Amino acid sequence: MEYRYYRELKHNYLVFEDQGKETEDERYQYKILESGRIKNLVPCAQRNINGDKFFYYEINSMQNLRDRFGSNKMGSEQVKRLLSDIKKLMDGLSEFLLGQEGIVFNIQSVYTDLATGDFRFIYCPFYDEKKSFSDFALQLLEIVDEGDTEATDLVYKLCEESAKSGDFIYEVIENVTEEAPDEAAAEEVVYKEPVREEISYEEDLFEEEEKEVSAVKDSRLQRANKRLSGKLQLFFSLMFALLVGAMVYIRMNYILSSEENVLSIVVMVISAITGAVALIGGFKDMKKTAPKTGVESQDEDEDDYADDFDEEDSFYEAKEPVVENVHSTRKVSEEISSFAPKSKPEGATVVLDHDRSGELALFSRNLDKTVRIPLESLPITIGKMEECVDMKLSDPSVSRMHCRIEEKSGRAFVRDLGSTNGTFRNGLKLKPQESVMIEEGDEIRIGRVCFDCR
């Protein structure tokens, strides 16, 4: 089967060409396929171009199983969902009196929707590759998580049942899924308690950290409240002083009766006492919350948690190497610059050892913080969907699974995974699923993020 990938505006297509003559049965299959009534099939549209018939399968926001689980392997929940979607597909086909012969079962033609997690399948009426469902089950062993016992058991069981039952897919799925719940329940009983303890332990750690942070915040609020109350007390003392001054002014410029005279004296005495108390209290609060000078104030600004941690928490501090004497200093400098010759006349040029320069890497140059993507251990999948990629780029122009860097014959190749904004090498845009070699000095652009290879 020959197919190609095609991008049109914001749509990605997998294109098949039908070179045979259309029969009555195929015409009915084409109509059901284009109607979209079977949910688990990849949407398809038929186009006639220059007398040739093409089928455009729309694979937007989808990745085939090989690319999706190339880095992060399939777990037990994903294997169960795959089997469940295959079963739903068989039910949908039987509802419209269609057989399973046109389903393309291989890990490059079965897709997963990154937005919903559903698995989608390609139905091609003129599919002529002689591959059985047992071959597809064997391919799943390449992408299943070997550390997940339940997932590997399900796939091995699928291989055994498909080898026994042949291409009776519905019967194979029924036999595999019947025993899966019992095994899952048994594992849940065995491992239920340790997992619960681990989660509770992590929750306790988070609660302790939240309490420590809240304690620091409370201490800051208390200091702020004291500072505010000190300023208020000084303000009230000033107001009482003005009130005493007003009473003195009235007594000196006006003739008061005996009752008014007594009342003014009482107001002056009370105001003077209250103002003096507020003045003293305000100065005390301001003195307590006044910033310290010198080394002590610098230490408090650098670390607000100094009063909240004990000496037992010293393991949080970063340990730096301490140089005790001249000999140790010389030793450290020799280790750092060991590539330079020891006996060279002053002014002589040193030849760098390129063998120690390390492997190639990609370095971003238009982000706030430089991102380095090493090309030592390949393959690497790049995108913004954390659970599906090896290197996450949190940029709006980057797709969920944008591109993949692979190794072929000892060289690094970048392959676009049908991204929305494209992958570029030295300004040339790659076609969907096109793979090109990366060399030193190349510019690789992923969406709007530019990388230099050096």
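Given the structure is predicted, the values throughout are model-derived calculations rather than measurements. The figures that follow rest on heavy atoms only: side chains count, while hydrogens, waters and symmetry mates do not.
Heavy-atom neighbours of Met239 CE from other residues, nucleotides or ligands within 6.0 Å: at or below the threshold of 12. Annotation for Lys73: atom NZ counts as buried by contact number, over 12 foreign heavy atoms lying within 6.0 Å. Phe363 CZ: more than 12 foreign heavy atoms inside a 6.0 Å radius. Counting non-hydrogen atoms of other residues, nucleotides and ligands closer than 6.0 Å to CZ of Arg454 gives a total above 12. Annotation for Glu259: atom CD does not count as buried by contact number, only 12 or fewer foreign heavy atoms lying within 6.0 Å. Few gaps surround NZ on Lys384; more than 12 heavy atoms of other groups in view lie less than 6.0 Å from it. Other residues, nucleotides and ligands contribute more than 12 heavy atoms inside 6.0 Å of the OH atom of Tyr5. Within 6.0 Å of NZ on Lys39 lie no more than 12 heavy atoms contributed by other residues, nucleotides or ligands.
Put simply, the side chain of Tyr6 never gets that close to the backbone of Pro432: no donor and acceptor are under 3.5 Å apart. In terms of modelled atom types and a separation under 3.5 Å, the side chain of Thr274 and the main chain of Ser271 share no donor-acceptor contact. Between the Glu434 side chain and the Lys431 main chain, a donor and an acceptor come within less than 3.5 Å of each other. Between the side chain of Asn366 and the backbone N or O of Cys450 there is at least one donor-acceptor pair closer than 3.5 Å. A donor-acceptor contact shorter than 3.5 Å links the side chain of Ser162 to the backbone of Cys159. A donor-acceptor pair is defined here as one N or O able to donate and one able to accept, closer than 3.5 Å; no such pair exists between the side chain of Asp148 and the backbone of Gly75. With hydrogens and angles disregarded, no donor-acceptor distance shorter than 3.5 Å links the side chain of Asn175 to the backbone of Val172. Of the possible donor and acceptor atoms, one in the side chain of Arg445 sits under 3.5 Å from a partner among the backbone N and O of Gly447. Judged by distance alone, with hydrogens and angles left aside, the side-chain atoms of His402 form a donor-acceptor pair with the main-chain N or O of Gly422 at under 3.5 Å. Formation of a donor-acceptor pair under 3.5 Å by the Arg66 side chain with backbone atoms of Ile143 is not found in this model.
For the residue pair Asp442 and Asn426, a side-chain donor N or O sits within less than 3.5 Å of a side-chain acceptor on the partner. A donor-acceptor contact under 3.5 angstrom links the side chains of Ser419 and Asp416, judged on distance only. Inspection of the Ser397 and Asn421 side chains reveals no N or O donor paired with an N or O acceptor under 3.5 Å. There is a side-chain donor-acceptor pair under 3.5 Å between Ser71 and Thr381.
In terms of the salt bridge (charged side-chain N to carboxylate O under 4.0 Å, His left out) criterion, residue partners of Glu406 (sequence neighbours excluded) are, by chain and number, Arg404, Arg415. Residues passing the salt bridge (charged side-chain N to carboxylate O under 4.0 Å, His left out) test with Glu8 are Arg47, sequence neighbours excluded.
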* To do: Begin with the C-alpha distance, continue with both residues' side-chain angles, and end with the deciding distance and a verdict on side chain to side chain contact (heavy atoms under 4.5 Å, CB included) for Gln78 and Arg68.
  => CA-CA 12 Å; Gln78 293 161 332; Arg68 167 61 182 86; 3.5 Å; yes

* Criterion side chain to side chain contact (heavy atoms under 4.5 Å, CB included) on Val104 and Tyr3, from CA distance to verdict -> CA-CA 12 Å; Val104 184; Tyr3 60 87; over 6 Å; no

* Determine, step by step, whether Val42 and Tyr13 satisfy the side chain to side chain contact (heavy atoms under 4.5 Å, CB included) criterion, reporting the C-alpha distance in whole Å, the side-chain angles of both residues, the deciding distance to 0.1 Å, and the verdict. => CA-CA 10 Å; Val42 176; Tyr13 295 99; over 6 Å; no

* To do: Kindly determine whether Leu362 and Asp452 satisfy side chain to side chain contact (heavy atoms under 4.5 Å, CB included), including the steps that lead there.
  => CA-CA 5 Å; Leu362 299 179; Asp452 292 326; over 6 Å; no

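Separating the CG atom in Leu14 from the CD atom in Glu58 is a distance of 12.0 Å, to the nearest 0.5 Å. Interatomic distance, CG of Leu41 versus CZ of Phe121, reported as 9.0 Å (0.5 Å rounding).
Using a 4.0 Å cut-off between a side-chain N of Lys or Arg and a carboxylate O of Asp or Glu, Lys80 and Glu150 qualify as a salt bridge. Look at Lys87 and Glu174 and you find a salt bridge, because one of the NZ, NE, NH1 or NH2 atoms lies within 4.0 Å of a carboxylate O, short of that distance. Between Glu77 and Arg81, no side-chain nitrogen of the basic residue sits less than 4.0 Å from a carboxylate oxygen of the acidic one, so the salt-bridge criterion is not met. Using a 4.0 Å cut-off between a side-chain N of Lys or Arg and a carboxylate O of Asp or Glu, Arg448 and Asp395 qualify as a salt bridge.
In this structure, Cys453 and Glu439 have side chains that are not in contact, with every pair of non-hydrogen atoms separated by 4.5 Å or more. The shortest side-chain heavy-atom distance between Leu141 and Tyr156 falls under the 4.5 Å cut-off. Within the 4.5 Å cutoff, the side chain of Phe451 has no heavy atoms near those of the Val414 side chain. Under the 4.5 Å side-chain criterion, counting only non-hydrogen atoms from C-beta, Leu65 is in contact with Phe119.
For Asn261 against Leu256, the heavy-atom pair with the smallest separation is N-CB, 4.1 Å.
Relative ring orientation between Tyr249 and Tyr254 is described as perpendicular, the plane-to-plane angle rising above 60° on a 0-90° scale split at 30° and 60°.
The only member of Val371, Leu367, Ile444, Ile382 that meets side chain to side chain contact (heavy atoms under 4.5 Å, CB included) when paired with Val449 is Leu367.
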Name each donor-acceptor pair under 3.5 Å that joins a side chain in residues 107-114 to protein atoms two or more places apart or in another chain, with its distance.
{"residue": "Ser109", "atom": "OG", "partner": "Asn106", "partner atom": "OD1", "Å": "3.1"}
{"residue": "Asp113", "atom": "OD1", "partner": "Ala115", "partner atom": "N", "Å": "3.0"}

